[in-house]
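Residue numbers begin at 1 in each chain, while the letters A, B, ... track the order of the sequences.
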There are 2 protein chains.
Amino acid sequence: MAQASDLKLFQDAQALENFTDKQIRILIAAIDIFSEKGYANASTKEIADQAGVSEGNIFSKFGNKQGLLDAIIEPVVSMVFPQTIASLLDVETNRTPVSLHAFISDFMINRMRFLVENKKVLKIFIAELAYNQETRTHYMQSLPTSFLKDLKSQLNTMKRNHMIVNWNNDEIMRLIWSVIGGAVIDYLFFDRPIAKIEVTHMIDALVRALSR
Amino acid sequence: MAQASDLKLFQDAQALENFTDKQIRILIAAIDIFSEKGYANASTKEIADQAGVSEGNIFSKFGNKQGLLDAIIEPVVSMVFPQTIASLLDVETNRTPVSLHAFISDFMINRMRFLVENKKVLKIFIAELAYNQETRTHYMQSLPTSFLKDLKSQLNTMKRNHMIVNWNNDEIMRLIWSVIGGAVIDYLFFDRPIAKIEVTHMIDALVRALSR
DNA sequence: AATTATATTGAGTGCTCACTCAAACAAATG
DNA sequence: CATTTGTTTGAGTGAGCACTCAATATAATT
């Protein structure tokens with residue numbers, strides 16, 4: 001069911017200011033339908049009907065169908081990565097060098113909260129990434145390099161202090177996002193709730209896996 | 001680029017016997033195009049052109065567009081899971097109880113080989129699973145319960161012998177397929193090759209993470 | 001060679017789609 | 001109230017889509 005709370009990300013980004021009531025209803029309906037059947041399988045007529053507005057209204061505000069998708073996805077990429085950096089820097093300033101456990105649990109808890117708050121929108125984003133090469137390269141190149149640099153310098157410090165395994169940074173990062181991603185997909189696509197104890201387990205597992 | 005080797009799975013399944021040369025070319029073209037832009041964004045005209053056949057030929061053999069997708073995906077579900085069972089039973093008969101390391105490394109190496117051999121077809125399958133709810137429930141319910149039962153009984157044995165952590169089986173299995181899946185997605189969707197050393201690292205990481 | 005069976009063609013069909021645009025409506029401003 | 005500015009409408013349009021089918025080519029059988 002379509003809900004105004006699916007717009008959490010837009011509120012945070014103060015992106016709703018230039019939208020009328022009807023245009024917001026279009027966004028809600030589009031998020032709902034895109035997340036159910038995928039962008040390519042959704043028609044603008046269907047979205048307009050569910051939103052209770054005329055089809056033309058979609059185009060006068062968003063230009064075309066792709067513009068509607070972009071309006072939904074843009075806040076994801078413009079907020080996910082900066083927020084993650086912020087959370088990392090926060091850990092870093094508290095303790096140096098950061099403990100592996102603190103590093104991983106902060107990262108995980110932060111991202112899990114974000115996930116739950118933006119379920120449908122993230123589902124659309126992930127599905128679209130899986131679906132075609134163009135979208136993939138387009139959005140991945142916008143992944144800020146500063147984000148990756150901060151993460152990697154953290155890992156390098158921990159390696160120097162013999163706190164973690166001496167793998168490539170890419171491998172370490174992949175292991176972390178694999179474990180998070182597995183739970184995310186289970187939650188988003190197979191409706192399996194994530195219990196608190198499971199998050200604890202995943203953190204412990206990652207700490208054991210990466211400790212040296 | 002479209003290649004006959006993309007049909008590996010079909011050869012294994014002896015599924016090519018009832019196909020003519022032109023129909024095989026249709027399959028190759030469809031695998032190529034579906035994996036690039038997604039099923040919903042591909043047109044039958046486009047597939048026919050790339051295969052160098054008439055559009056009608058697609059429909060006389062496969063009935064409709066969905067039938068073409070089914071013909072591509074069916075061998076995946078009918079072979080992936082049975083093969084995995086076979087590999088597991090193979091480990092089991094060699095040693096009882098199986099060592100955690102043997103269990104995980106057999107599982108991983110087996111699945112990695114399958115992955116590399118069926119890259120494009122798996123990409124289509126995964127993307128379609130991500131894209132719409134219907135496909136997801138349709139294919140997941142065909143996941144043989146015997147497969148899961150065998151896996152879980154293995155895990156229970158290892159738990160009884162205090163070889164692994166005392167989590168829910170679902171959690172343990174999710175951790176394993178998360179780590180594998182992360183590498184799979186990196187390989188399939190972001191074209192990152194998987195080095196041998198990385199597989200070793202992943203196996204070690206899982207053993208450390210799950211050992212008790 | 002004649003006949004039957006199967007494979008392939010490609011122009012044609014109806015339908016759905018994203019998108020347009022002139023007109024109607026509403027809100028704000030002087 | 002009059003005018004401007006912005007919003008919303010919905011019938012209409014052309015393009016592209018999956019799919020049909022009668023005709024033709026090819027292969028198999030007798």
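Taking only side-chain nitrogens and oxygens, Asn57(A) comes nearer than 4.0 Å to OP1 or OP2 of dT9(D). The phosphate of dT8(D) has neither OP1 nor OP2 within less than 4.0 Å of any side-chain N or O from Lys22(A). Residue Thr44(B) has a polar side-chain atom (N or O) positioned under 4.0 Å from OP1 or OP2 of dA18(D).
Per the geometry, CD1 belonging to Ile26(B) stands 14 Å off P belonging to dA18(D), to the nearest Å. One can place CZ of Phe59(A) at 18 Å from P of dT7(D), the figure rounded to the nearest angstrom. Following rounding to the nearest Å, Leu68(B) (CG) and dC17(D) (P) show an atom-to-atom distance of 15 Å. Distance, Gln23(A) CD to dG6(D) C1': 10 Å, rounded to whole Å. Between the P atom of dG16(D) and the NZ atom of Lys65(B) lies a distance of 15 Å, rounded to the nearest Å. In this structure, Leu69(B) places its CG atom 13 Å from P of dA18(D), rounding to the nearest Å. Whole-Å rounding puts the Phe62(B) CZ to dC19(D) P distance at 13 Å. Counting to the nearest Å, the C1' atom of dG10(D) and the CG atom of Asp49(A) are 12 Å from each other.
Ala42(A) comes within 4.0 angstrom of the backbone, heavy atoms only, and of no base. Residue Ala40(A) is classed as having no contact, given no heavy-atom separation below 4.0 Å to the nucleic acid.
With dT9(D), dT7(D), dC19(D) as the choices, the nucleotide that has an atom nearest any side-chain atom of Ser54(A) turns out to be dT9(D).
No more than 12 heavy-atom neighbours from other residues, nucleotides or ligands sit within 6.0 angstrom of NZ on Lys45(A).
Rounding to the nearest 0.5 angstrom, the gap separating the CD1 atom in Ile26(A) from the NZ atom in Lys61(A) is 10.0 Å.
When only modelled atom types and interatomic distance are considered, Glu36(B) and Asn132(A) share no side-chain donor-acceptor pair under 3.5 Å. Side-chain contact, Glu55(B) with Thr44(B): a donor N or O sits under 3.5 Å from an acceptor N or O. Remark: the Ser153(A) side chain and the Asn156(A) side chain contain no N/O donor-acceptor pair separated by less than 3.5 Å.
Nucleotides of DNA chain C lying under 4.0 Å from heavy atoms of chain B occupy a range whose first and last members, 5' to 3', are dA7(C) to dG10(C).
With Arg192(A) contributing its side chain and Tyr187(A) its backbone, the two residues share no donor-acceptor pair below 3.5 Å.
Under the 6.0 Å cut-off for aromatic ring centres, Tyr131(A) and Tyr39(A) do not qualify, their centroids lying 6.0 Å or more apart.
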